[in-house]
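Chain naming here is simple, since letters A, B, ... match the order of the sequence lines and numbering starts at 1 in each. Just so we're clear, the structure is a prediction, and the values are computed from it rather than from any experiment.
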Amino acid sequence: MAGKQTRTGRPTGLRLFRNLNAKVAAVPMVLTTLVVFVGGTLWTVLYSFTNSKLLPRMQFVGLDQYKRLWSNDLWNAAIWNLAFYGVMSLVFTIVMGFVLAVLLDQKIRFEDTFRTIMLYPFALSFIVTGLVWQWILNPEMGIQEVVRRMGFETFTFDPLHNPSTVLYGLLIAGLWQGTGFTMCLMLAGLRGIDEDIWKAARVDGIPKWKTYVYVVIPMMRPVFVTTLVIVAAGIIKLYDLVVAQTSGGPGNASQVPAMYVYRYMFTAQNLGQGFAASTMMLLSVLIVLIPWAYLEFGGKKHG
Amino acid sequence: MVDAAIIITPPSVAVSAVQPRGAKPKARFSGSNIMLYGTLFVVSVYYLLPLWVMVMTSLKGMPEIRMGNIFAPPVEITFQPWVKAWSEACTGLNCDGLSRGFWNSVWITVPSVIISIIVASVNGYALVNWRFKGSEVFFTILIFGSFIPYQIMLYPIVILLRELGIYGTLYGLILVHTIFGMPILTLLFRNYFSSLPEELFKAARVDGAGFWRIYFQIMVPMSLPIFVVALILQITGIWNDFLFGVVFTKPETYPMTVQLNNIVNSVQGVKEYNVNMAATLLTGLVPLIIYFVSGKLFVRGIAAGAVKG
Amino acid sequence: MKNWKLAAGLLLSVALPSGAYATDLEVTHWWTSGGEAAAVAELAKAFDASGDHWVDGAIAGGGDTARPVMIARITGGDPMGATQFNHGQQALELVQAGLMLDLTDVAVANNWKDVVNPISLLEGCTIDGKVYCAPMNIHSPEWLWINNKIYEDLGIPIPTNWTEFVASAPQVDAAGKIPLALGRQPWQSTLAFNAIAVGVGGLDLWKKVNVDKDMDVAAGPEMLKVFQASADARKLAVKSTVQDWNQATNMVITGDAAGQIMGDWAQGEFAVAGKVAGKDYTCLPGLGLNAYLSTGGDAFYFPKLTDPDKEAAQKRLAALLVSPEVQVAFNLKKGSLPIRGDIDMSAANDCMKKGLEILKSGNVVPAGDQVWSPDVQTQLGDMQSEFWSGDMTPEDAQARYVEILKTGL
Amino acid sequence: MNSLNQTATQAAAETTAVQTHSIQVKELTLSFGSVSVLKNMNIDVAEGEFIVLLGPSGCGKSTLLNCLAGLLDITDGEIWIKGKNVTWAEPSERGIGMVFQSYALYPQMTVRGNLSFGLKNARMPKDEIEKRIARAAEILQIEALLDRKPAALSGGQRQRVAIGRALVRDVDVFLFDEPLSNLDAKLRSELRVEIKRLHSRLNNTMVYVTHDQIEALTLADRIAVMRGGIIQQLAAPQEIYNRPSNLFVAGFIGSPSMNFLHGATIEGGGAFQFGRTRVNLAGYEGGAVLDRPRAILGLRPEHLHIQDHAEPGLTIPAVVEIDEPMGADSLVWLEAEGGLKMSVRVPVERRMAAGTEVHLKVDIPKASIFDTGTEQRV
């Protein structure tokens, strides 16, 4: 230990070595943040101003990559798709997660079974999720065909091959994979609420739904905020699911920014363009995170 | 993988946390009860349908798949697709299915999980109990890091690993998993440790225990629920990883997910849906088993601290 | 290793360090469809027979999936022994960065300059006078593949060119078949468009736009005709929803679809399915309109390795890949054309012979891969993908097409 | 502010002049960034002394204790324990034992494990550990609990174990951080007595943090009343009670709190005027009162006596509002001139009807006078 010997006087120089073990233990974290997250990000931002192709090189072209990015229909489509998917996914994940948690919180029988059923998709990767839902939504063999065989000859349910519905197809799969986890968080939140609240509400004769809406939900604000941030972070990273389920198609109807980044960095061998797109994604992350960080850490210092 | 940034707080509610708290349902066969179980049933169908389809399809032969519907159970059960997916499916010239990938995945997952959890739990512990100047700044950056799409970091990481001379080695992959698991896990552990009474830590210091002794003898034994959560998240996360697996390994060491992708995308003639589904199930088997076996612990681990913002 | 001596004899022309045999070389490629895998097996067989060992590193999902992995590994300092790229600009920077092995001595020793035909393929491998890749095959994308049986069943003549094919489409459609199979990946849309450009637009137009890079022509009325023809073609493919090219090919093989615009590699799939050219299916190079083919191809690049034994093995493999025996065996399986004109391809089938003839007559133009950067190719792919799957007007599409080409000038 | 500290230091110096120092805090300052939490503190604690740090929550008393224990690094100043400068020593090297409010028992260890953890860390021989545990267990009467886990103990038992953990360390200085706050009233008073007994038996130095003035008054040799990171007064309990050095201490100590009459001192300090009432200050035990245009007369409830006739200069007229019988005595709440609420302690048998007009006789020698501006006692 650093403080083995009793020191006399003001050990200004030795202060650095106090709790040396703690500092040594923090080295991996410090290196990761500085080298990978800060360094990597700055590196990416720096090279987004160059015309790097296959290999990074320092030939600055100013804002050219950004100009091209925002004049690219694919990028605009990707941003729009992500915004649409993101809003839908946020709303549905949170509403579904909460409703399911409320249902499970009704002192039901077989709670464990239901919970397991809802949570197990979370164990599967997006690749698997995308593949299986592509299969189920396949018009020749999936739901459409089964319903048709039941006699509804004109029944059409082919979301993945129609540009205007493909995002819903992704949503069905995304929600299947992720809502169980949201439900878990919500359930934990519900159970963190003091039971006396329920007693008080019953004594006051407040209907159950009103208690949820006006009492429980406001009390669960932190859980909602956390869930929101987790889901939002997942949405920005959306990639595997799209690749596995639609490959961005039909056309570019389900392209997302992460795909654009990957495609331009590696397929198009235009690193500068990929880095510019990355930087824009990073900016959007900050737009999501800064309000949250402000909400979370803004008011309470040395609390 | 969705980022599972669970934020854990006081375990004081742990005991009661697994009990339902909502209002009591009324009589057993009341209308609202039928509604309740009816809804749960419909929801369960939605969740179970893909699993059902996967299992059923994987047990059918190709002719039956072409003729029948995907939801029907097989008329004639065959395990051939499973055999093929496990040991015969081809990618290029390699026709040994997923079997090789399984052990590669094990060799990748085990050390990556252990090391990433150790590093992250020590981080969380140091952040809570041994704050040093700027530690919160590093933590904040780390949290921001958890939201950075991996694609953005891919190129810098390639350069980093090249400079360290461990690109393409198991060490490199472990490092990558440790780095990218760090934000979420650190958050997880930090929040959990900060929910433990600070006085315990102080008492241990008065008792003369140092950094590591407090960590191993006081903190770790009290943190079982959060270690379980971290363990489950990391095992599934690393097992399911595709991007790092494909970029940072080579064919001999491809994990199962990469081989799954190869098998599914190496269409030779017609798509063999039954083999694909069997391969998919085989790949998902480890995380699935973990969830089915220890899912309750996972839920409990999250509930063990309720969630806070 | 029975053929040890034989193989050694075969390769005597290469300067070999003695006693350096039986070296493992990892070879990455994206040849994973049935016909492709069979062709790769020929390469591996030949390499193993020569005493070394081929470690197969197939990456499924096409070049767009595989190339990032290959590039990451090369730049990450963990290169493979050899890797597939398309000729042209894909590996240019890797060569310039000094990451690729110089094969000039192999090329000289084996006289590639005289045997490679057309010579443009070798030129694609040559940078600053040094050879950096071993050309493997020639591909021409401008083919129309037709299922004969559908037309026989309908009782109408099998189309002999694109125009007839389009004219017959309503009848095919009425019979419940899909007139045109099209995989929904960007590169396949681009391929279909380029085939129509060569077929409908003709050689001059192609050269002016892609070789001379004349943007006025690209924006001109002749090019608009190509876009209009493409817009007609996309109507025929509306019901085709598969992703992979070989799934689309399979639709033609099984008779779900009447035809597909695809490169000569589709032939490998017909072969694997046991179909006979001329009898079961018909192939029309240049869509049957213009007997011109644009030629690109695959080539193997050899990243620089530190181990001298490996380097020697790399050079042995490079020589082997261009050798007549391997060229014949490989290309027969893959359905592509060999890169040398001095070998006996009498075993080739009907379609391949058509290709060989065109090649011999010199009616070839360079492929998009060779004249445009991957950046432009990618943008074109995205644009074509949207065009072929949506309802963009030909005029809009042409405007964007020109804009994209301009980024590559 | 400086004068305040000086008073405190002087008072400390007077009482401990002949004894040896156990703890010395010199010019201690603690700040987090720009916020200073403890300001320029000086405390001398004599060997065997029982010091209570008392104050409202947030006053810095627990923080000070943590600094003494070495659990917080101080910004400036020095801490000496037993003649050694321990300012930068590890907690375990300071020769202290500490008892926490939440007991802070290691949940996964048995009572025995809890007691021995620190000794094992110090690599003490096994038989010595056993001996010490046995002795502590005997003193605290927890022998029967040694093999239980903390979860199986009651609150009182847990607190005993927590004390035992400090005890086995065999140190000269005990630090208590609100050790009884988590217990119910009955247990609290029992354990309070027990701590007092422990102190008289072991006779080691104890520093005890509490916000409960009863604990402070009953246990302490001296009390340090703190507010805002500053020691307001450091003195024996009776001194603090009877002669609070400033308005805050006067108001904080005593329940119900001291009655404060706002007015002015007149006649060269000979009398106090508020409203129309005048009170003679003859016999006031304090410094020079002088004429102060704004002053406060502080009177504890037991230093007022109810009578039915006025005595000019000695009584304050008031009207009875409520009386609260409290068992041993009874508290009468009255309203004096200008709506001023006052409380007076009377024998329980004396019942007062609401609305009765009475006169309150002032016990001037027990009174305190404060300057409104400086809030200091004069």
Between [options], who has the most heavy-atom pairs with chain B when the cutoff is under 4.5 Å?
| options | answer |
| --- | --- |
| A:I172, A:L238, A:I197, A:T116 | A:I172 |
| A:F110, A:Y47, A:Y239, A:F224 | A:Y239 |
| A:I236, A:L31, A:T32, A:I235 | A:T32 |
| A:T211, A:T279, A:T179 | A:T179 |
| A:T113, A:L119, A:V35 | A:L119 |
| A:I136, A:L286, A:V261 | A:I136 |

Could you check if a side-chain atom of [X] sits within less than 4.5 angstrom of a side-chain atom of [Y], using non-hydrogen atoms only?
| X | Y | result |
| --- | --- | --- |
| B:M54 | A:W135 | no |
| B:L243 | A:Y262 | yes |
| B:Y46 | A:L175 | yes |
| A:I108 | B:Y37 | yes |
| A:V24 | B:F211 | no |
| B:I148 | A:T41 | yes |
| B:P50 | A:W176 | yes |
| B:Y155 | A:F275 | yes |

**Message:** Please give me the minimum heavy-atom distance between A:M29 and B:M182, naming the atom from each residue.
**Reply:** CA-SD, 3.8 Å
**Item:** Shortest non-hydrogen contact from B:L36 toward A:Q106
**Value:** CD2-CB, 4.0 Å
In terms of heavy-atom pairs under 4.5 Å with chain A, which of [options] leads?
| options | result |
| --- | --- |
| B:Y273, B:F242, B:F71 | B:Y273 |
| B:G284, B:A126, B:S44 | B:S44 |
| B:I143, B:T57, B:L49 | B:T57 |
| B:N276, B:N261, B:N123, B:L281 | B:N123 |
| B:I232, B:I157, B:L51, B:L160 | B:L51 |
| B:I235, B:N129, B:T39, B:V53 | B:V53 |

From [X] atom [atom1] to [Y] atom [atom2], the distance as rounded to the nearest 0.5 Å:
| X | Y | atom1 | atom2 | result |
| --- | --- | --- | --- | --- |
| A:L131 | B:L260 | CG | CG | 6.5 Å |
| A:F37 | B:I141 | CZ | CD1 | 10.0 Å |
| A:L282 | B:F144 | CG | CZ | 10.0 Å |

Is [X] close to chain A through its backbone or its side chain, or both, or neither, when contacts mean heavy atoms under 4.5 Å?
| X | answer |
| --- | --- |
| B:W212 | side chain |
| B:T178 | neither |
| B:L175 | neither |
| B:L154 | side chain |
| B:I290 | neither |

**Prompt:** Is a donor on one side and an acceptor on the other found under 3.5 Å between the side chain of A:Y120 and the backbone of B:Y47?
**Reply:** yes
**Donor-acceptor pair, side chain of B:N240 and main chain of A:A123, under 3.5 angstrom** = yes
